[in-house]
Amino acid sequence: MKSLVQQLQTLFRRALIEILGDAGRDADPMIRAAGDERFGDYQSNVAMGLAKMLQTKPRDLAQRIVAALPQETNDLCEPMEIAGPGFINIRLRADRLAEMLEAVPPTTAPDRLGIEPGERPHKVVVDYSGPNIAKQMHVGHLRSTIIGDTIARMLEYVGHEVVRQNHIGDWGTQFGMLCAFLKDKMPEALSAPETVHLEDLEDFYRQASARDKEDPAFHEQARAEVVALHNHEPSTLRAWQYIVDESRRHYMPIYRRLGVSLTPADERGESFYAERLSEVVDEFRERFGTESPAARIVVRPDQGALCIFHLTAEGEPRFKNPEDQPLPMIIRKSDGAFLYATTDLAALRFRIRDLGARQVIYVTDARQALHFEMLFATAEAASWTTANDGVQLDHVTFGSILGEDRKPLKTRSGENIKLADLLDEAVRRAEQLIRAGEADETKRRGFNEEQIKDIAEAVGIGAVKYADLSQNRQSDYVFSWDKMLAMEGNTAPYMMYAYARIRSIYRKGAETIGEKRDGKIVLDESAERLLARQILRFPETIEAAVAGLKINLLTDYLYALGGVFMKFYESCPVLKADTPERKASRLRLCELTARTLRIGLDLLGILVVERM
RNA sequence: GCGCCCGUAGCUCAGCAGGAUAGAGCACCGGUUUCCUAAACCGGGGGUCACAGGUUCGAAUCCUGUCGGGCGCGCCA
């Protein structure tokens with residue numbers, strides 16, 4: 001099934017070809033959802049712009065377009081109306097809406113709601129989360145992790161081949177210190193690593209760091225371990241491996257709890273690229289070491305460091321520092337060590353050449369925008385992006401999570417909030433709300449302890465994720481427990497409540513559902529029609545969300561779906577409908593709504609509950 | 001100084017490949033429960049879309065400038 005917008009576009013494009021000839025083939029019919037119910041379901045705004053080109057009156061042109069629409073248009077739409085300066089208002093036929101919903105196949109796994117995969121699937125790498133080894137995950141990792149995961153899921157949903165890459169911070173000089181500390185303090189971790197657990201990775205890191213400062217002998221030992229690590233000394237490598245494994249035992253449960261789809265197989269950390277760095281540097285030195293008028297980059301040492309300087313088309317420096325001097329991307333420090341720009345170049349090259357990516361998406365906070373601009377400019381200049389029939393590079397940025405004081409969210413003592421603690425708190429608050437409901441005679445559902453725990457977990461975690469994902473990712477947002485756990489507004493609990501209400505209908509009417517599942521759908525009431533239309537808008541929502549990598553388009557859609565369902569629920573009795581046909585029809589609308597909610601929330605990695 | 005992002009209702013935010021009377025939640029006022037989950041639904045008040053120009057039949061949306069805020073700008077990532 002194609003989206004409603006696509007169907008309308010096809011019809012209007014044929015009309016435009018009729019009028020414009022071949023030029024109509026590329027014209028955008030400008031189909032938009034109507035802003036006001038009185039104007040129908042959709043509108044085409046193409047006539048106004050085009051009229052100028054054709055030197056005719058917009059309303060006349062609109063008339064011609066409507067007249068040129070193919071015959072099948074009448075199967076989908078009521079007669080077009082022309083309004084205002086030349087809007088073509090489109091009202092979909094209720095019987096067609098009903099038929100389209102009837103045609104949605106029964107649930108299969110994965111539930112695609114009858115949506116076809118996109119037309120041009122490609123291989124896309126999504127780089128997200130990227131926790132630091134030997135440190136606990138904190139709020140700073142939350143957005144990259146859940147935004148990236150949702151993007152990966154959405155891309156997969158529309159048919160792309162997604163390769164997740166968890167670029168973990170598992171390499172660098174601090175690991176010498178950590179290995180030295182581990183060998184000294186916890187040698188048993190090296191012989192029987194499964195039996196030893198670090199209670200608190202952060203504390204471990206802090207201790208090692210403190211000792212490194214105070215104890216010169218230890219400092220020397222740490223330096224020796226860095227060398228040993230680079231040389232793959234077995235004992236050091238074992239210590240390093242233990243640290244990585246232990247860190248994984250810390251963050252995998254957090255991923256699981258967050259409903260994040262990353263697995264250990266998706267990890268390709270900095271260590272993976274360590275041995276490819278000199279090779280990458282050599283490539284740039286050889287290709288761009290001498291100035292050439294055509295090249296947009298020059299590679300040369302500056303103040304002892306090996307640098308890539310970017311140039312504009314006019315040969316001017318593309319990036320500048322505050323002293324108005326050219327700002328290079330440093331790929332080798334003056335002490336000979338490589339740094340993150342080097343690793344990112346190596347990783348990008350690997351993703352394009354070895355993984356065969358046609359698109360690489362980086363999900364990091366907006367503060368790294370300059371770094372990625374330089375990285376992408378370098379890849380362009382080196383023609384890496386011409387591989388695989390063209391590689392598209394995207395930096396998906398996001399703002400900071402702020403506290404009520406509008407400053408970056410921290411604990412009272414100014415520390416980063418641990419993600420594990422944040423999630424515990426969310427679940428604790430959700431549980432409180434449920435218990436408050438149970439204590440109220442008029443609201444009591446009669447949950448047992450296990451149910452309370454399960455619902456609290458789903459609602460609490462869902463609330464944190466939804467609050468984040470429903471924001472325009474570009475902007476900073478103020479973290480508020482009360483808002484994210486509220487039943488009013490665009491929140492996870494509201495959406496989950498809508499779902500639970502539907503499930504409740506099914507529990508109550510279970511005996512009649514089985515045989516009614518393929519019943520006819522009738523859309524007599526306005527609430528029924530609006531619900532049907534909203535369900536059918538899911539495909540175009542996903543298209544738009546993927547095209548712009550904008551997750552909040554999906555949450556906005558779900559909120560609207562929840563809203564029209566609630567209205568339907570209030571005004572259209574389902575189990576007590578006046579006829580068996582109407583009951584069957586409404587049950588199907590309920591079923592399709594529930595499926596759509598579940599799929600949408602699943603793309604966000606949020607669980608639904610049967611009762612709440 | 002330069003660059004990126006932002007400025008929309010009292011508050012928190014949507015809307016920004018231009019489209020008709022700018023939306024939602026909170027807060028405020030009022031209504032709905034012998035009826036499938038009232039953690040819901042319905043109605044009401046509330047706006048010079050920071051400001052000034054420009055492009056356009058049409059601008060919250062695009063362009064320029066000003067003001068205000070956040071972030072970034074060579075060997076951390």
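Numbers restart at 1 for each chain; the letters A, B, ... are given by sequence-line order, proteins then strands.
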>> Closer than 4.0 angstrom, basic N to acidic O: yes or no for A/Asp578 and A/Arg582?
In response: yes
> Between A/Phe87 and B/A20, do the rings stack, that is, sit under 5.5 Å apart with planes less than 30° off each other?
Replying inline: yes
> Does a side-chain N or O from A/Asn552 land closer than 4.0 Å to OP1 or OP2 of B/G15, or not?
Replying inline: yes
>> Taking A/Glu525 first and then A/Arg529, would you say they form a salt bridge - that is, a charged N and a carboxylate O separated by under 4.0 Å?
In response: no
>> B/C76, OP1 or OP2 - any side-chain N/O from A/Lys333 closer than 4.0 Å?
In response: yes
>> Would you measure the distance from the C1' atom in B/C51 across to the matching atom in B/G68 and give it in whole Å?
In response: 10 Å
>> Could you tell me the Watson-Crick or G-U partner of B/G18, where both distances fall under 3.5 Å? Say none if there is no partner.
In response: none
> Reckon A/Asn472 has a side-chain N or O less than 4.0 Å from the OP1 or OP2 of B/G15?
Replying inline: yes
> Are any non-hydrogen side-chain atoms of A/Tyr251 and A/Asn132 less than 4.5 angstrom apart?
Replying inline: no
> Are the aromatic rings of A/Tyr362 and A/His395 close, with centres under 6.0 Å apart?
Replying inline: no
> If you draw the axis of the six-membered ring of A/Phe272, does the NZ or CZ of A/Arg276 fall within 45° of it and under 6.0 Å from the ring centre?
Replying inline: yes
>> I want to check one thing: is the phosphate of B/A14, taken as OP1 and OP2, less than 4.0 Å away from some side-chain N or O of A/Gln471?
In response: yes
>> For B/C51, give the paired nucleotide (Watson-Crick: N1-N3 plus N6-O4 or O6-N4; G-U: N1-O2 and O6-N3; both under 3.5 Å), or none.
In response: B/G65
>> Strictly by Watson-Crick or wobble contacts shorter than 3.5 Å, is anything paired with B/G1, and which nucleotide is it?
In response: B/C73
>> Does the structure show A/Tyr569 stacking with B/A40, if we require the centres to be closer than 5.5 Å and the planes to be within less than 30 degrees of parallel?
In response: no
> Side-chain N or O of A/Arg367 less than 4.0 angstrom from OP1 or OP2 on B/C5?
Replying inline: no
Could you list all N or O pairs between the protein and nucleotides 32-35 of chain B that sit under 3.5 Å apart?
| from | atom 1 | to | atom 2 | distance (Å) |
| --- | --- | --- | --- | --- |
| B/C35 | O3' | A/Lys576 | NZ | 3.4 |

> What is the pairing partner of B/A39, taking Watson-Crick or G-U wobble pairs with both distances under 3.5 Å in any strand?
Replying inline: none
> Using the glycosidic torsion, which applies to B/G74: syn (within 90° of 0) or anti (everything else)?
Replying inline: syn
> Within the modelled atom types, does a donor on one side and an acceptor on the other bring the side chain of A/Arg38 and the base of B/U21 under 3.5 Å apart?
Replying inline: yes
> With both distances under 3.5 angstrom, what nucleotide forms a Watson-Crick or G-U wobble pair with B/C13?
Replying inline: B/G23
> Is the glycosidic angle of B/A40 within 90° of 0, making it syn, or outside that range, making it anti?
Replying inline: anti
